[in-house]
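Everything on this sheet refers to the single structure shown next.
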Number of protein chains: 2
Amino acid sequence: MPRLSEGNHLAVANPLPKDAASELDPSRCPVRDVLDHIGNKWTALILLTLQAQAQRFSELHRAIPDISKRMLTQSLRELERDGLIERRVYPTKPPSVEYRLSSLGESIMVPLLGLVEWAERHHADIRQARVYFDGARDSEPA
Amino acid sequence: MPRLSEGNHLAVANPLPKDAASELDPSRCPVRDVLDHIGNKWTALILLTLQAQAQRFSELHRAIPDISKRMLTQSLRELERDGLIERRVYPTKPPSVEYRLSSLGESIMVPLLGLVEWAERHHADIRQARVYFDGARDSEPA
DNA sequence: CCGCATCCGTAACGATACTG
DNA sequence: CAGTATCGTTACGGATGCGG
C-alpha cells in the first residue's frame, strides 16, 4: 500500500529557517486543510445535501434543521470561497439564492461518499466497540 | 450516481414521537458520527501516522509535534473506544505503550486515503479559488 | 515513559433581533 | 427570502504539574 507523500501532513520536523513562523503553517498541508474543513461539523452535510440537487438557502435550512442561520451562512461562504460550491442570485422579488456544487465540489463527493459508505457500513461496529469499552471501564476493577 | 441512504444523515424530518429528545440524536446518524470524529483535527492525522506502523506514545508525539499530550491522549482514547486502534501495554520498566490500527481502523484507511489523495490533488485549486474570492471581495465595490 | 488532572484563554456555536 | 450584527455560552485545546 502506498504511503502517499511520505510524512507530508505531519508537521514539518525541520524547525523552519529562523523566526519565520511562530506557528507552523497549516495551509501548506493539504491534508490538514481539507480535513479541517470537512470536519467543520456542517460542511460535509451541506455538500451531501447539495449533491442531490441545487438548493436555495431556506431549502438547505430545512434539510438541516439543527443548524443556525449564522452557521449556515458562514459554512456556505467558506465552501464558496474554497470553490466547492457556486452561489447564484436571482434578482426576483423577494430575492432567491441558489447554491450548487461546482465541478470541484462534485469531485470531492467521490472520496466523501466513500467515507459515508464506510460510516454506514461500520457504524454498528463502532457503537458496539463503544459499549464494550465503556462497559469494561467500570466492571474491570473487580 | 447512487445517493446512498436517501437523506439519512440529514436531521430526521419526522419530529420524533413526542418529547423523546429535546435534542435530535446525532449518534443515530452514522455520517455525522464518523465525520465529527475524523474532523476532530487530530484523529485523522493519528490514523495516518499509525498507518505506516504501530507507534509508541512518544513516537506519535514526535510525529505530530504540534499536538499537546493532553489532546494526544484524549484522541487516542477516543479512537480506542471506537475500536479503530488497539492499545498494547508492555510491562517494561519504564513502561511502554504501543498503538496500532485495528482491522476496523485499517478498513477506514481506504476511504480516508481517498480523501487525502483528493486533498493533495486539488489543494492548488482550492488555494487559487481562495485568492480569487478574497481578491474579488475588496476590488468589487468599484 | 505514559497519562491524568487542573487551570485558563480562545473560538466555535446558538439565539435573537434587525436590514434590504 | 436571504442574510448581517450582537451577545452570551459552551467546548476545545494548550500549558503545566503530579502520579504510576
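Just so we're clear, the structure is a prediction, and the values are computed from it rather than from any experiment. Residue numbering restarts at 1 for every chain, and letters A, B, ... go by the order of the sequence lines.
A salt bridge links B/R32 with A/D66: the closest approach of a Lys/Arg side-chain nitrogen to an acidic carboxylate oxygen falls below 4.0 angstrom.
For CZ of B/R121, the number of neighbouring non-hydrogen atoms (other residues, nucleotides, ligands) closer than 6.0 Å is 12 at most.
Distance A/L76 CG to D/dT4 P: 10 Å, rounded to the nearest Å. Atom pair A/K93:NZ and D/dA2:C1' shows a separation of 15 Å (rounding to whole Å applied). Rounded to whole angstrom, the span from the CD atom of A/Q74 across to the P atom of C/dC13 amounts to 7 Å. Atom CG of B/L79 is separated from atom P of C/dG3 by 13 Å (rounded to the nearest Å). Atom-to-atom, CZ of B/R70 to C1' of C/dT6 comes out at 9 Å; the value is rounded to the nearest Å. With rounding to whole Å, A/Q55 atom CD is found 14 Å from D/dC1 atom P. The nearest whole Å value for the distance from the NZ atom in B/K41 to the C1' atom in D/dC12 is 9 Å. B/L72 places its CG atom 16 Å from the C1' atom of D/dC12, with the value rounded to the nearest Å.
In the set D/dC1, C/dT6, D/dT6, the nucleotide with an atom closest to the side chain of A/P95 is D/dC1. The A/S68 side chain lies nearest to C/dG14 when the options are C/dC1, D/dG14, C/dG14. In the set D/dG13, C/dC13, C/dC2, the nucleotide with an atom closest to the side chain of B/M71 is D/dG13. Nearest nucleotide to the side chain of A/F57, out of C/dG14, D/dA15, D/dA2: D/dA2. In the set C/dC2, D/dA15, D/dA2, D/dA2 carries the atom at the smallest distance from any side-chain atom of A/K69. Nearest nucleotide to the A/R56 side chain, out of D/dG3, D/dG14, D/dC1: D/dC1. Which of D/dG3, D/dG20, C/dC13 sits closest to the side chain of A/R87 comes down to D/dG3.
Of the side-chain N and O atoms in A/R77, one or more sit less than 4.0 angstrom from OP1 or OP2 of D/dT4. Note on B/Y99: a side-chain N or O is less than 4.0 Å away from OP1 or OP2 of C/dG3.
A/S102 places a side-chain N or O within donor-acceptor distance of the main-chain N or O of A/G83, the cut-off being under 3.5 Å.
In terms of position on DNA chain C, the residue among A/P94 and A/W42 whose nearest nucleotide sits closer to the 5' end is A/W42. Sequence order on DNA chain C of the closest nucleotides to B/S58 and A/N40 puts B/S58 first from the 5' end.
Side chain to side chain, A/H122 and A/D125 meet the donor-acceptor criterion of an N or O pair below 3.5 Å.
Residue contacts for A/Y90: at a heavy-atom cut-off of 4.0 Å it reaches no nucleic acid atom on any strand shown.
Residues A/I85 and A/Y90 do not share a hydrophobic cluster, defined by chaining ILVMFWY side chains whose heavy atoms lie under 4.5 Å apart.
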